[in-house]
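This report concerns only the one structure given below.
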Amino acid sequence: DIAWEQGAWAEAAEYLMRRAALEQNPDMLRQLYFRIGLIYAERIPDTDIAMKSFQRVLAYAPDDEAALDRVAGLALANRDWKLALGASERLVRAESDPDKRVRHLQRVAHVFATGLGDRKRAERALIVALDGAPGSPAALDGLIEFYRQGGDRQAIRLQTGRVAAAMRTRLAHDEDIEGSIATLARVMTVRAESGIEGAGHVARAANELLGLTGPLPIDARAAHALVTPEFDDLVYPPSISSDLRQLFRVLGDRVGKHVGVDLRAWGVSRGDRIRGPDSAFATAARTLAPTFAMPEVDCYVSARAPWLMVAEPTSPVSLIVGSEVAADPGRAWAAAAAGLFIARASLAVPARMSAADAAVMLVGLIHLFAPEFPALGLDTEAVAVAAQKLRRLIPTSALNELRPFALAVSPDAAKPGVLTEGLQQAMVRAALSATQSTTIALQLAVGTAALPPLVQLRKHPAARALIDFALSDEYAEVGRLTSR
């Protein structure tokens, strides 16, 4: 022991060998030969003596994992493939921790690929490692490197797609939130490197969620994606179907006439319109307006509701944001893009209505064509009044155009809260797409500049939905559109 502590390795080895020659206790002999093996494996390199020492350990304790690990490593170094494979497979069977099993399976794969020329079995070992520990960076990197060496880009796409799906499932159950997002960041980076357009957007979103990067500088070109036909199908949740959206497009400004438009509800009036060039919000709105086929736009900042983000179908369209939104150029750009996006679709009014009022209006509209449509949880008298008002507003020619879209709306889509929540989700998704910043979009969704940790954010319904979208294949497709 003194020689060991002083680093006198030859003297320590000699003493240990003498002691082993006299010792008869199997447990003590196991310890002695293991220490001898360490000396000749690390301090006085002699692989033959080291191998014999560790094999002696296994003679006394066949399942000694430390000795098996040493034997496997030495056998690899000596290119003794059969011995290395046998020891590594025993370690795989003995290890119950999936993350620890990764190293042993990768050693098995190395033996098959390098020593035995069997890439199929090597691939299988690496896939088993990744399937057992999908969140393991080592397991992912090992399989990706294997495919890169073989020039198999298609396999990289297939396996990273599987891992991405597994991480999203874990996130849905709030399992290892930060670890799952970190793995998604790595996976999407690899997918981007393999030529999948838009995957880099998801990787950046994941890294920003983890605090590894900050918001990118605003790129005005990204807003052009918001007016493409494909964009609507990507950012509106399933509850806001294409038929429902088309219903409101045909209605146009009649919705505003039905509900009423009053800027004073937001604490502003026509006289508060921002005219000068010093407002980041007004500058953003006027820069973006032509992209949405709106030559003019009126801008207002409300002190009453600091995190407000609404549009009103006035002429020209009015965008109203809260003082906290307008105070930051990134948030101002995001809110302007989101407001113009929702206004262009003639959905600005239902997006800012109360859950109950929006549902009453929608069911009342559908009752013009299907009186038996269920008014789930709604005041039937209010629905009847809404139907009467809408009938007076809508000309007969428009009714024929509206009919197929109204009849296609499902009862679930007309439940209180579904319409407004879906539209608000679409707005923050549009804000994310326009700025490519999860930080900015989450601030708008939650209504605070100081975002809480991810675990807490996942408890906020709007934030949770936005995070899921930012890490989805749909957002990757948005990234492809904005990169055009």
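Computed from a predicted model, the values in this text were never measured in an experiment. Quick note: numbers below take in every heavy atom, side chains included, and nothing from hydrogens, waters or symmetry partners. Counting from 1, the numbers follow the sequence of the chain as shown.
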| query | Closest approach of Ala356 and Leu378, non-hydrogen atoms and distance? | reply | O-CD2, 4.2 Å

| request: Would you check, one step at a time, whether the test side-chain contact (heavy atoms from CB on, under 4.5 Å) holds for Leu442 with Leu209? | output: CA-CA 10 Å; Leu442 282 168; Leu209 286 170; 3.7 Å; yes

| field | Sole candidate of Arg464, Lys459, Arg168 that passes salt bridge (charged side-chain N to carboxylate O under 4.0 Å, His left out) when paired with Asp174 | value | Arg464

| said: I'd like to know if the side chain of Gln443 pairs up with that of Thr448 as donor and acceptor (distance under 3.5 Å, no hydrogens or angles considered). | reply: no

| said: With no hydrogens and no angle check, just 3.5 Å: does a side-chain donor-acceptor pair link Glu208 and Thr213? | reply: no

| So, Glu312 and Arg352, do they make that salt bridge, N to O below 4.0 Å? | yes

| message | Please determine whether a side-chain nitrogen of the Lys or Arg among Arg245 and Asp233 lies less than 4.0 Å from a carboxylate oxygen of the Asp or Glu. | response | yes

| said: Here's one to test your reading of the geometry: is the NZ or CZ of Arg429 within 45 degrees of the ring axis of Tyr236 and under 6.0 Å from its centre? | reply: no

Would you indicate whether the side-chain heavy atoms of [Y] and [X] approach each other to under 4.5 Å?
{"X": "Glu89", "Y": "Val108", "result": "yes"}
{"X": "Leu365", "Y": "Phe373", "result": "no"}
{"X": "Met361", "Y": "Pro350", "result": "yes"}

| Is the distance between the ring centroids of Phe231 and Phe341 under 6.0 Å? | yes

| field | Arg273 atom CZ: more than 12 heavy-atom contacts under 6.0 Å | value | yes

| Are there more than 12 heavy atoms of other residues, nucleotides or ligands under 6.0 Å from atom CD of Glu381? | no

